[in-house]
Structure formats: structure tokens, C-alpha cells
Amino acid sequence: MQKKRLQRILVTLVLIGIVAAAAAVLTPQAQGTELQLSPRPFTSASQQASSAQASLKLHVLDVGQGDCLLLQSGGEAMLVDAGHNADAEKILAYLDAQGVTELALAVGTHPHEDHIGSLDAVLDHLRVRRIWMPKAAHTTKTFEDVLDAVARSNLQVESPAPGDTFALGSATVRVLCPAPGETFDDLNDYSIVLEVTCGQTRFLLTGDAGKRSENAMLEAGVLRPVDVLKVGHHGSNGSSSEAFLSAVSPAYAVMTTEPGSSTHPGKKAYKRLQAAGAALYESAISGDIVFTSDGARITVSTEK
């Protein structure tokens, strides 16, 4: 027994010696390989890996002068606004065509009919895990219908604050506005403004935010350059100020508009967006618009 125990000890020691010798041989080679790697300019290895795995689609649905935005990343989906009351059939059909049966998050940016009109239909037809709305009430049947649908879904409305984040697949959604306790005369300025980051690309979704909301974000220092801007208030002259556009410097700007409108987009706002150098898209002209990010680049496809 003692002889066998000694043999096992010797075998173990031999194996340890082999492993140690192998490690001694392999380690310098591994270190040498690492030293020979040359990272691409301006991009770290970790950023490259992150971008390679990242993907995000932003669908801007053509619901006339109203907002309905679908975001998809990593098998997850979220909806920002839900158009008019009359848009329910189109929105539900579009979600079905994209294979969306569940929403990780639904956002009603502010309680105007052209933004939350079909949100009750969405809540009634899909499983929605969370819902965000600002602390701004409205005395309309549309608003009451949405609250009733929230109750039927056994959800609680959450009012996010600047700095709050939400993970959607490989994308990160960050709230920029409105700040708690902040008051505005115009319901549009209560719009929940969202920055969505995917790899090295960035999207800014502004609801109907106007200049007062834009100024609040400028003063808070939360704005950064973005690749895609969902233009505030359908391109109204009361949004997209020069200072705001200078801060966000969008490569692409998309406006949710209606054919034949004489007010949206506003001529002054349109000129400011052109001067900012953004490639402009309008749902009234292009129909449904899809921006796709692979974490490093943006591609655009349009229905028309």
C-alpha cells in the first residue's frame, strides 16, 4: 500500500512538472503575441468587440403627423408612442410582421392623441412588461382609455427621471428629460426624451419636445452628438433650435409628417436642419423608414 501511494505521488509530481514546464514555454509566446497586436486607430479592442456584437433597428412608422417608433435589439422590442386612435390596425399589423409578440417597454412620450392614440390597443393585444409616461395628465378620452388599458394589463405607470437607463438587447436607453418637478406651459415639453446607444452609434428620440425642453437639456449638459435624430414636434419651427442642433449634430434627421401639411415641417426648422448638415427624411415622402445600426455604421431603408 505504501509503495502504491508513493507511486501515485511521483506520478502527480511528474504531471505537475509537465504542466509547469508547458506553462513556462507557452506564457512568453502568448505575451509576445499580445505585444504584436496593433489596435485600430481611435477604437479600443473592447469597443471593436462591442460593436461587432451590437445591432439595433429603429422603425419610424408612417402614421401621418404622429409618432410610432419601434426599436429592436437582441430579440427584444420596445415601442415609443403609438400614433393616432385610427392607427391601431396598421401598428398591430406592422408589429406582427416584425415578429413582435411582446414589448419589453412601451413609452408614451406625452399625452397627446397623435402619440398615445393606439397605445391602449397595443396594451390589449401584446404582453407589455413595463410602461413609461411623464407626470403630465390630460383630460381626454384618449388619455383615459390608455390608463384603463394599463390597469387591464396589471401594469403600473412609471415616470422615469433623467439618468435612468433601460437595457434593450445590445442597446442602452437613457432618459434625458423631463426632470422631476419641472413644469411647462405646453404638454409637448413634458415629452420623455430618450438617447439610445448601440455600440458606437447613437439615436435621439425627442417626442414633441420644443425649445423650452431643448434649453433644459442644454443647461443640464446632457446632449451629445448623435447619428440619428427623431426631430421634435414633427419639424415644428418651435423645435430644433440652432443651439440644440449644434449640440447634437445629427448625421440623419427624420420627421414624422403628413402629406400636404402647411405647418409641419416648418420652413425655418427645415432650413436649420439643412444647415446642420443632416440627411433629411420625412415619413410623408418616404413612408415607413428603418434605420439599422451594426454598432459602427447606420444604414437606411424606406418603404417608398
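The chain is numbered in sequence order, starting from 1.
Between H115 and H110, the angle of the ring planes lies from 30° to 60°, which puts this pair in the tilted group.
Within a 6.0 Å radius of NZ in K90, more than 12 heavy atoms belonging to other residues, nucleotides or ligands are found. Other residues, nucleotides and ligands contribute more than 12 heavy atoms inside 6.0 Å of the NE2 atom of H138.
Using modelled atom types, no side-chain atom of S118 and backbone atom of A121 make a donor-acceptor pair closer than 3.5 Å. Of the possible polar contacts, one joining the T206 side chain to the K230 backbone as a donor-acceptor pair under 3.5 Å is found. At least one donor-acceptor pair closer than 3.5 Å links the side chain of N237 to the backbone N or O of A269. Between the side chain of R129 and the backbone N or O of E102 there is no donor-acceptor pair closer than 3.5 Å. When atom types are taken as modelled, the side chain of H234 and the backbone of T257 share no donor-acceptor pair closer than 3.5 angstrom. Judged by distance alone, the side chain of N215 and the main-chain N or O of R212 form no donor-acceptor pair under 3.5 Å.
Here the side chains of V175 and L194 are in contact, with some heavy-atom distance below 4.5 Å. Side-chain contact between I131 and L123 is present, with at least one heavy-atom pair separated by less than 4.5 Å. Looking at heavy atoms from C-beta onward, T142 lies out of side-chain contact with H112 at the 4.5 angstrom threshold. Inter-residue side-chain proximity for K304 and I285 is flagged as unmet; no heavy-atom pair is nearer than 4.5 Å. For the pair T109 and D208, the minimum side-chain heavy-atom distance is 4.5 Å or more. Considering only heavy atoms from C-beta on, L92 comes within 4.5 Å of L126 through its side chain.
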CA sep, side-chain torsions, deciding dist, call: L69, D81, side chain to side chain contact (heavy atoms under 4.5 Å, CB included) = CA-CA 6 Å; L69 313 175; D81 289 330; 5.9 Å; no
message = For a salt bridge (Lys or Arg N to Asp or Glu O under 4.0 Å) check, start with the C-alpha distance between R272 and E242, then their side-chain angles and the critical distance, and finish with the verdict.
response = CA-CA 6 Å; R272 291 195 293 266; E242 288 183 6; 5.9 Å; no
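Centroid-to-centroid, the aromatic rings of H233 and H264 come within less than 6.0 Å.
A salt bridge between R152 and D148 is absent, with no side-chain N of the basic residue lying under 4.0 Å from a carboxylate O of the acidic one.
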